[in-house]
There are 2 protein chains.
Amino acid sequence: MDVPHSSSNAINLGRLATDIGFLLRLAQVKVYERYFREYGDRHIKPGEFSVLWAIAHNPGVRQNVLCQELIIKRSHMTKLVRSLEDRALVSRRVPDEDRRGVELTITDKGQTLVDEIAPWFFAFEDCLGEKMNATEREKLKAQLLKFIASETED
Amino acid sequence: MDVPHSSSNAINLGRLATDIGFLLRLAQVKVYERYFREYGDRHIKPGEFSVLWAIAHNPGVRQNVLCQELIIKRSHMTKLVRSLEDRALVSRRVPDEDRRGVELTITDKGQTLVDEIAPWFFAFEDCLGEKMNATEREKLKAQLLKFIASETED
DNA sequence: TATTGTTATACTCTATAACTATA
DNA sequence: TATAGTTATAGAGTATAACAATA
C-alpha cells in the first residue's frame, strides 16, 4: 500500500503512516484547509451550517437532540445556537409541555441564508476527492459510514 | 446507502448525512472519544505520540520537516516540542551547517517511553472499526490514503 | 529577501463541573 | 433524582501576524 509522502519525502513514519486515527486527522485537516482556502470569505463555518441545516430540516427540533445527532457538546451547542439567534437566523421557544427544553425553528432570514449557502456548500462536498473517481468516493463514504456505525453504541 | 441514525432517530439530516466532511468529523470524534475513554489515564495524547514516534524513527529530523509531514503548524510544533523537551524525552541541537534550524533526537528516556507506548497505541489502532472485518478496514485505509493524496499538492 | 523558529493573540472544539429551572 | 440548558474554566489544535536570527 502506498503511504503518504513516501515517494517525495525523506521521513519515515513507519506504522503511523497507516494508522486509521492519523489518516482521519490528515483527511479532515485537508478538507478544513481547502474549505477556508476556497470559502473563507463566506463567513459561515461548517459547524454553523450543519446546525442551521439540521434546524431547517427539523422545525421545532430540541436542542438536546441536535447535540446527540451532530455529536456536539451541550455547552458548545449553547454558544452555537446563541450565535445563530444573535444573527436572527433561528428562533427559540420554550414548549409548555416541558419547560426545561428549547425548541428551535429557522427564521425566514435563516431559510434564505440556507437556500443561498446549500448549493455551494454541497458543491464543495462534491469536489472533495475530485481526483478520485465517483465510484471510489462513494466507496470511501460507504466505508466511513460502516466505520462510524461500528464505533457507535459500543 | 444507510445513513447514521436513520433507523433509531427522528431527525432528518438530508444530504448532510452523506457529506464527506461531516462523515470525517464524526469518524474522528468517535476515535477521539474512544481513545480518551480507554487510554485517558495514560497521559500521552495522540499528537504528542505522533511527534515522539516520528523523531524516534528519524533521528536528527528538522522541526520544520516534522511540521510538513505531520501537518502541524510551526507555532504549535514549538509548544509540542518544548513540552517533550521539558519531560526530557527529546533533545534539540542547532546544526553548524544552518544555524536557523533545530535538529531533534529522541533521548534514552524518550525511546523507553516509545517502546512502552507503541504496543498499546497501535493495538488501539487495530481495534478501531473492529466490528468491520479486516478486509473492510484495509479498504477504508486505502480509500483514505487515496483521498489524502488527491487533496495534496493541488 | 527568504527561511527557521519563537512569541503572542484569538478562535474552534473539546472536556468537566457547577449551577438553575423544571419534571 | 433526573433532565435540559447555561455558565465557567481549561486544554488541544488551529490561524495569523510580528519578531529575531540566520542564510
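Keep in mind it's a predicted model, so treat the numbers as computed, not measured. Below, chains carry the letters A, B, ... as their sequence lines are ordered, and counting in each starts from 1. Worth knowing before you read on, the calculation uses all heavy atoms, side chains too, and leaves out hydrogens, waters and symmetry mates.
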Interatomic distance, [X] [atom1] vs [N] [atom2] [rounded to whole Å]:
X: A/I72; N: D/dG5; atom1: CD1; atom2: C1'; result: 15 Å
X: A/Y35; N: D/dA15; atom1: OH; atom2: P; result: 15 Å
X: A/R93; N: D/dG5; atom1: CZ; atom2: C1'; result: 16 Å
X: B/F49; N: D/dA12; atom1: CZ; atom2: C1'; result: 18 Å
X: A/E33; N: D/dT14; atom1: CD; atom2: P; result: 9 Å
X: A/R82; N: D/dT7; atom1: CZ; atom2: C1'; result: 8 Å
X: B/M77; N: D/dG13; atom1: CE; atom2: P; result: 11 Å
X: B/Y32; N: D/dA12; atom1: OH; atom2: P; result: 8 Å

Q | Test item: B/N58 side-chain N/O and A/I11 main-chain N/O as donor-acceptor pair under 3.5 Å | A |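 Looks like no, no N/O pair under 3.5 Å.
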
Q. So, does A/R25 use its side chain to make a donor-acceptor pair with the main chain of B/I71 at under 3.5 Å?
A.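 Here the side-chain-to-backbone pair exists.
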
Q) Any side-chain donor-acceptor pair under 3.5 Å between B/R82 and B/T78? A)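 Distance-only check fails for B/R82 and B/T78.
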
Q | Contact interval (first through last nucleotide) of DNA chain C with protein chain A, 4.0 Å heavy-atom | A |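 Using the under 4.0 Å cut-off, the span is C/dT12 to C/dA23.
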
Electrostatic pair [X]-[Y], nearest N-O below 4.0 angstrom:
X: B/E85; Y: B/R92; value: yes
X: A/K79; Y: A/D86; value: no
X: A/E151; Y: B/R34; value: yes
X: A/E125; Y: A/K141; value: yes
X: A/E48; Y: A/R87; value: yes

Q. If you find the nucleotide of DNA chain C closest to B/Q63 and the one closest to A/L80, which residue's nucleotide is nearer the 5' end?
A.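 This one resolves to B/Q63.
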
Q | Sugar-phosphate or base contact per nucleotide [nucleotides 16-23 of chain D; S, B, -; heavy atom under 4.0 Å] | A | B-----BS

(Q) Once you measure the plane-to-plane angle for A/F122 and A/W53, does it fall in the parallel (<30°), tilted (30-60°) or perpendicular (>60°) bin? (A)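 Ring orientation of A/F122 relative to A/W53: perpendicular.
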
Q: With DNA chain D as reference, determine whether A/K79 or A/R92 sits nearer its 5' end, using the nearest nucleotide of each.
A: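 Nearer the 5' end of the strand: A/R92.
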
